[in-house]
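To keep things clear, I will list the structure first and then write my remarks on it.
Predicted, not measured: the structure shown is a model, and the values here were computed from it.
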Amino acid sequence: DAPVIFSHSSARAITAHPRNVPDRVLRLMPEDGGIVMINLAPGFVSERVRAWNADRAGEEARLKTLNPGDPAAVEAGLAAWTAAHPTPEATLADVVAHIQHVRQVAGIDHVGLGADFDGIGSLPEGMTGVDAYPRILAALMDAGWTEADIRKIAGENLLRVMRAVEATAAAKASERPPGNPPHTIMAARQVGGRPQMNPTCPLSPPRASNGSPTLAATCWRGPSSPWP
């Protein structure tokens with residue numbers, strides 16, 4: 001019911017990374033109301049980089065097969081391969097191509113900037129961090145984007161989706177999952193003297209008035225009698 005947030009994915013039609021969003025899903029975004037936030041990882045926005053990464057992984061696997069138990073040989077062989085096959089670079093134009101594609105297929109209301117700065121080891125050429133944003137926005141304006149368009153990709157789209165998610169959560173706060181079959185909690189041993197749940201104690205009806213599952217007293221033990 002709540003709109004989907006692809007927090008750091010790009011367009012699979014441009015770069016065939018499995019975490020990028022295919023067009024068949026992009027076409028559903030207007031109905032869903034969600035957003036695709038473009039990832040700046042080079043392997044997500046450049047097909048050349050993605051293919052190079054795949055080739056390097058294949059070479060590493062080959063070297064490990066040829067040199068079992070000899071990581072130094074693998075490292076040396078991989079260094080030689082990398083020297084002979086320089087790493088390609090993603091560019092600002094690659095990033096813009098993904099943004100334009102998502103806009104074309106899903107619509108201006110469903111594209112944002114996701115970056116993934118905390119999870120990637122490199123960025124497109126000339127980008128070092130949040131300094132990328134003004135360059136991206138300037139390139140989009142050069143391509144004809146209006147000020148209203150820029151406001152949407154820079155934050156308004158994401159804020160709209162987050163408000164919709166919060167509204168859905170509030171509307172469903174009193175609901176519980178359909179069926180709610182019994183399941184088992186695998187709890188840790190007691191920590192800091194606090195009583196913990198039996199690792200094999202099932203969560204099952206009856207339920208409290210607020211819909212939360214209730215547990216028999218035998219599911220608990222205190223500091224003096226921890227579960228084995």
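- In this structure, K64 does not pair ionically with D70, as no charged nitrogen and carboxylate oxygen lie closer than 4.0 Å.
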Would you mind writing out the side-chain donor-acceptor pairs for residues 23-37 within the sub-3.5 Å range, not counting sequence neighbours?
{"from": "D23", "atom 1": "OD1", "to": "H101", "atom 2": "NE2", "distance (Å)": "2.7"}
{"from": "D23", "atom 1": "OD2", "to": "H101", "atom 2": "NE2", "distance (Å)": "3.4"}
{"from": "D32", "atom 1": "OD2", "to": "V4", "atom 2": "N", "distance (Å)": "2.8"}
{"from": "D32", "atom 1": "OD2", "to": "G34", "atom 2": "N", "distance (Å)": "3.0"}

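- The shortest distance between side-chain heavy atoms of I14 and D94 does not fall below 4.5 Å.
- Taking 4.5 Å as the limit, some side-chain heavy atom of R135 sits within range of a side-chain heavy atom of L92.
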Using a 3.5 Å cut-off and no angle test, enumerate the donor-acceptor pairs between side-chain atoms of residues 40-51 and protein atoms at least two apart in sequence or in another chain.
{"from": "S46", "atom 1": "OG", "to": "R48", "atom 2": "N", "distance (Å)": "3.3"}
{"from": "S46", "atom 1": "OG", "to": "V49", "atom 2": "N", "distance (Å)": "3.2"}
{"from": "E47", "atom 1": "OE1", "to": "A16", "atom 2": "N", "distance (Å)": "2.9"}
{"from": "E47", "atom 1": "OE1", "to": "R50", "atom 2": "NE", "distance (Å)": "3.1"}
{"from": "E47", "atom 1": "OE2", "to": "R50", "atom 2": "NE", "distance (Å)": "3.1"}
{"from": "E47", "atom 1": "OE2", "to": "R50", "atom 2": "NH2", "distance (Å)": "2.7"}
{"from": "R48", "atom 1": "NH2", "to": "E89", "atom 2": "O", "distance (Å)": "3.0"}

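- In this structure the side chain of D149 reaches within 4.5 angstrom of the side chain of R103, judged on heavy atoms.
- Of the charged side-chain nitrogens involved, at least one lies within less than 4.0 Å of a carboxylate oxygen, so that R151 and E147 count as a salt-bridged pair.
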Discussion item. Could you go through N39 and S9, starting from their C-alpha distance and side-chain angles, then the distance that decides it, and tell me whether this counts as side-chain contact (heavy atoms from CB on, under 4.5 Å)?
Written reply: CA-CA 5 Å; N39 192 328; S9 296; 5.7 Å; no
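- Between E166 and R163, no side-chain nitrogen of the basic residue sits less than 4.0 Å from a carboxylate oxygen of the acidic one, so the salt-bridge criterion is not met.
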Run the side-chain donor-acceptor check on residues 74-82: report pairs under 3.5 Å with partners two or more places apart or on a different chain.
{"from": "W81", "atom 1": "NE1", "to": "H85", "atom 2": "ND1", "distance (Å)": "3.4"}
{"from": "T82", "atom 1": "OG1", "to": "L78", "atom 2": "O", "distance (Å)": "2.9"}

Fill in: Verdict with supporting geometry, L140 and I153, side-chain contact (heavy atoms from CB on, under 4.5 Å)
CA-CA 10 Å; L140 294 175; I153 192 174; 3.9 Å; yes
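- Judged purely by distance below 3.5 Å, without hydrogens or angles, the side chains of T15 and H98 pair a donor atom with an acceptor atom.
- In this structure, R56 does not pair ionically with E59, as no charged nitrogen and carboxylate oxygen lie closer than 4.0 Å.
- The two residues V95 and P124 make their nearest non-hydrogen contact at CG2-CG, 3.9 Å.
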Worksheet item: R19 and H8: side-chain contact (heavy atoms from CB on, under 4.5 Å), yes or no, with the steps?
Response: CA-CA 9 Å; R19 279 177 50 190; H8 44 296; 3.0 Å; yes
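- Pairing each heavy atom of W52 with each of P86, the nearest pair is NE1-O, 3.5 Å.
- Contact annotation: the side chain of W145 approaches that of I108 to within less than 4.5 Å [non-hydrogen atoms, C-beta and beyond].
- Side-chain contact between L123 and F117 is present, with heavy atoms from C-beta onward closer than 4.5 Å.
- Surrounding CG of D1 are at most 12 heavy atoms belonging to other residues, nucleotides or ligands under 6.0 Å away.
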Discussion item. R160 vs D109, test: side-chain contact (heavy atoms from CB on, under 4.5 Å). Steps then yes/no.
Written reply: CA-CA 9 Å; R160 185 200 74 247; D109 294 325; 3.9 Å; yes
